[in-house]
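Everything quoted here is computed from the prediction, not taken from an experiment.
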Number of protein chains: 2
Amino acid sequence: MIVATWNVNSIRAREERLLAFLARHAPDVVCLQEIKVRQEEFPFETLAEAGYHAAVNGQKAYNGVAILTKDEPKEVKRGFGDGKEDSQARFLQAHVGATCFASVYVPNGGEVGSEKWSMKLEWLKRLRKWLDENMDPEKTLILAGDFNVAPEERDVENPDQWESSVLFHPDVREALADVVEWGLFDSLRIRNKEAGLYTWWDYRRLAFPRNDGLRIDHLYLSRPLVGRCAEAWIDREERKGGRPSDHAPVIAAIDV
Amino acid sequence: MIVATWNVNSIRAREERLLAFLARHAPDVVCLQEIKVRQEEFPFETLAEAGYHAAVNGQKAYNGVAILTKDEPKEVKRGFGDGKEDSQARFLQAHVGATCFASVYVPNGGEVGSEKWSMKLEWLKRLRKWLDENMDPEKTLILAGDFNVAPEERDVENPDQWESSVLFHPDVREALADVVEWGLFDSLRIRNKEAGLYTWWDYRRLAFPRNDGLRIDHLYLSRPLVGRCAEAWIDREERKGGRPSDHAPVIAAIDV
DNA sequence: GTGCCATGAG
DNA sequence: CTCATGGCAC
C-alpha cells in the first residue's frame, strides 16, 4: 500500500499537478492539506475520474484538509470532536479497512510569543488529547500532514537561523515530541537517518534552489505498522517545473 | 501582407494564446489593445523569440496598446501628440516601410450621458483631428483597434437592446462616422456585407454561445490600400477553448 | 513568491 | 464572467 501526505497550497492551483502525482505514484491513500476550498468547490468529479474517493474538511480561503482513497473511506469525521468550536478546518479522519487515517494541518504559529503561537501549542495539546481519548496505540493508525514543526537539528538546513522561529523553536519541538510520545513513529526516520531531507522551502528567499529547507511534513505510524513499512521518502521531483507547492509530498510503502 | 487587430484583455493572461495566434496566422503586423501592463512588464523577449518586434504604449492596470511587427517599426509615437496630457494609454503609431499603422483603444464610455461618455465622444474628435493634422488620405494608413462602437444595425445582434448603450448609441455612431469620413475604409465591409459578424461578446450573460455580439473592433484602410485588400475576416476560432479574450481578432490580407 | 480575499472595471 | 488592484497569510 502506498500512502502519501502533501500540503498542496490550494487544490485549485494544484489540480493538474495533483492528477499527475496520482498517476505517477498510484497511492492508495493521500492526505492533503491547505486545499483552500469549501467542500462545494472541491474537485470531486475530476478525482473520481482518476479513481479516487475524497473525504473533505473544507474552508473558504485558508486551511482545509482532505483524504483521497482508492477504496471507499468509512467513519469520516471532521475536527477533533472534542466539543470545542473549530473555526478552522485542520483535522480530518477516515478509515480504510481497519486502518485509521488522519490528515492534519497544524497552525503555523505566526510569531513566537504571539496569540497564534499560543494557539499552535494549544492545538498540538488537543491533538495529543484526541489520540489519548480516541485512539489505541496498538491499533493501526496513520497520522500525516503538515505539522509546521521540524523535530530535530538534522531536519533543518540552518538550525541556528530557525531556532527562534515558530517552525523550530524548542517549545514547539517539545509539544510535537509530546504528541509523538503517545506512540507514533516517524516513517521517514525508520530507515533514513541522514540530515538534509526537507519537505518545505520558503517561496521567498528562493529557498528551494539553495535547499534551505525544513522537514515539517510528517507521516507517522502507530507501532503495529512500523515493521510493515518497507520504505518512506520525500518526493522532491514533484517540485520540478511549472508552479509547484512550497511543500514536497512524503510517501510511504506499507504492507497491509 | 497579413495585418491583424486584437483586444487581448491582458497580455499577461493571454500570452500563450497570443503566441498560438501568431504561429497560426504569421501576421506581419498586429495591433493590440488592453495589454494592461507597463512597458517594463511587456513580454518583449517571448515575442522576439516568436520573431516579432514590439512598439508599446503601456499603462499599469488598464488600457495599453501595442504594435507587433516582423520588420522593425520606425517613427514610433505614443499618444496623439496634440499637447493634451494623456493619462490613459490608448493610442500608438508606428511605420513599417511606407505604411503608417495606428493601434487605438477608444474609451468604452461608461453610461450614456456620464463623464466617461463625454470623454469617449471627445476622444473620437481628437482622433479625427489627429488624422486631419498628421495624415494624408492619399497615403497608406492602417488604423485598427477596439473602437467600442458598432457602426451599423447589421453589426449588432440585438440593435434595439443596444441602441441605448454606449456601444451603439446614435451619437457615438455619428462620432465614429465623422472619423471614417476623413477617408477611411472598413476592410471587413469591402467584401462582406452580411449581418451577424461580431468581434465582441459580453463575458457576463454568456453572450458568446448565443452569438449576442457586436462588431466594435475595426481595421480601417486609407484609400490607396482598398484595392490591395484581398480579404478581411474575423477570427472566431480564436475564442475556442480555454480562457479567451472577450474580443475576437480581425485580420486582413493586403498586397503591399 | 504564491495563494486567497474584496473591490472596481468592462 | 474575467481581468486588474491592494492587503493578508504563510
Side-chain angles (χ1 to χ4, degrees), chain A residues 7-15 17 33-38 41 58-64 88-90 105-111 114-117 119-120 146-149 162 165-167 199-210 212-214 216-217 239 242-247, chain B residues 7-15 17 33-38 41 58-64 88-90 105-111 114-117 120 146 148 162 165-167 200-210 212-214 216-217 239 242-247:
Chain A
N7 179 323
V8 290
N9 187 14
S10 166
I11 200 167
R12 270 193 288 240
R14 224 64 63 201
E15 193 166 318
R17 293 185 86 101
Q33 300 85 39
E34 285 206 85
I35 59 172
K36 294 185 174 177
V37 287
R38 288 191 231 97
E41 283 92 41
Q59 179 178 329
K60 188 171 184 164
Y62 302 110
N63 315 312
Q88 302 189 324
R90 296 180 175 276
Y105 176 45
V106 177
N108 171 280
E111 296 287 314
S114 69
E115 180 77 16
K116 286 179 181 173
W117 169 249
M119 288 313 302
K120 180 178 193 173
D146 176 359
F147 287 79
N148 268 316
V149 185
W162 287 97
S165 91
V166 291
L167 302 180
T199 65
W200 177 81
W201 301 263
D202 200 328
Y203 275 135
R204 301 157 282 191
R205 327 178 203 213
L206 307 160
F208 188 71
R210 296 185 290 113
D212 179 11
L214 290 86
I216 60 177
D217 299 86
R239 293 230 9 163
R243 290 178 160 277
S245 167
D246 47 349
H247 293 255
Chain B
N7 179 324
V8 289
N9 187 14
S10 168
I11 200 166
R12 269 194 289 238
R14 225 62 65 201
E15 194 166 316
R17 293 185 86 101
Q33 301 84 40
E34 284 205 87
I35 59 172
K36 295 185 174 177
V37 287
R38 288 192 231 98
E41 283 92 39
Q59 179 180 329
K60 188 171 185 161
Y62 302 111
N63 315 311
Q88 302 188 325
R90 297 180 173 278
Y105 176 46
V106 177
N108 171 281
E111 297 287 315
S114 69
E115 180 77 15
K116 286 177 181 175
W117 168 250
K120 178 178 192 173
D146 176 0
N148 268 316
W162 287 98
S165 92
V166 292
L167 302 180
W200 178 81
W201 301 263
D202 200 329
Y203 274 135
R204 299 157 287 190
R205 327 179 203 217
L206 307 161
F208 188 70
R210 295 185 290 113
D212 179 12
L214 290 86
I216 61 177
D217 299 87
R239 294 235 3 169
R243 292 179 158 275
S245 167
D246 48 348
H247 294 255

Undergrad: In whole angstrom, give the distance that lies between atom CD of A:Glu111 and atom C1' of D:dA9.
TA: 12 Å

Undergrad: Taking the side chain of B:Asn108 as heavy atoms from C-beta outward, which of C:dC4, D:dC3, C:dG10 is closest to it?
TA: C:dG10

Undergrad: Figure out the NE2/P separation between A:His247 and D:dC10, and round it to whole Å.
TA: 11 Å

Undergrad: Just the rounded figure in Å: distance from P of D:dA9 to CG of A:Asn148.
TA: 15 Å

Undergrad: Starting the side chain at C-beta, find the nucleotide from C:dG10, D:dA4, C:dG1 nearest to A:Tyr203.
TA: C:dG1

Undergrad: Between A:Lys60 and C:dA6, does any side-chain N or O lie under 4.0 Å from OP1 or OP2?
TA: yes

Undergrad: Which nucleotide, D:dC1, D:dC10, C:dG3, lies nearest any side-chain atom of A:Ala13?
TA: C:dG3

Undergrad: Checking contacts here: which listed nucleotide (D:dC1, C:dA6, D:dA9) is nearest the side-chain heavy atoms of A:Tyr62?
TA: D:dA9

Undergrad: Do you know which two heavy atoms are closest between A:Glu111 and A:Val166, and how far apart they sit?
TA: C-CG1, 3.7 Å

Undergrad: Go nucleotide by nucleotide along DNA chain C from the 5' end; which of A:Arg204 and A:Ser10 gets its closest nucleotide reached first?
TA: A:Arg204

Undergrad: Would you kindly give the CD-to-P distance between B:Gln59 and C:dG10, to the nearest whole Å?
TA: 11 Å

Undergrad: Around atom CZ of A:Arg210, are there more than 12 heavy atoms of other residues, nucleotides or ligands at under 6.0 Å?
TA: yes

Undergrad: Would you please say whether a donor-acceptor pair under 3.5 Å links the side chains of B:Tyr62 and B:Gln88?
TA: no

Undergrad: Of the candidate nucleotides D:dT2, C:dG3, C:dC4, which contains the atom at the shortest distance from the side chain of B:Arg243?
TA: D:dT2

Undergrad: In whole angstrom, what separates B:Asp246's CG from D:dA4's C1'?
TA: 13 Å

Undergrad: Starting at atom CG of B:Asn7, determine the distance to atom P of D:dC3, rounded to an integer number of angstrom.
TA: 12 Å

Undergrad: Roughly how many Å is it from CH2 in A:Trp200 to P in C:dG1, rounded to a whole number?
TA: 15 Å

Undergrad: Whole angstrom is fine here: how far is it from CG in A:Asn9 over to C1' in D:dC10?
TA: 8 Å

Undergrad: OP1 or OP2 of D:dT2 sitting under 4.0 Å from any side-chain N/O of B:Arg14?
TA: no

Undergrad: Does B:Ile216 reach the side chain of B:His247, with side-chain heavy atoms less than 4.5 Å apart?
TA: yes

Undergrad: Quick one: which of D:dC10, C:dG3, D:dA4 gets closest to the side chain of A:Tyr105?
TA: D:dC10

Undergrad: Using the six-membered ring wherever Trp is involved, compare the ring planes of B:Trp200 and B:Trp162 and label them parallel, tilted or perpendicular (cut-offs 30° and 60°).
TA: perpendicular

Undergrad: Taking the side chain of A:Lys116 as its heavy atoms from C-beta onward, which of C:dA9, D:dC10, C:dC4 lies nearest to it?
TA: D:dC10

Undergrad: Can you tell me which nucleotide in C:dG3, C:dC5, D:dC3 comes closest to the side chain of A:Lys36?
TA: C:dG3

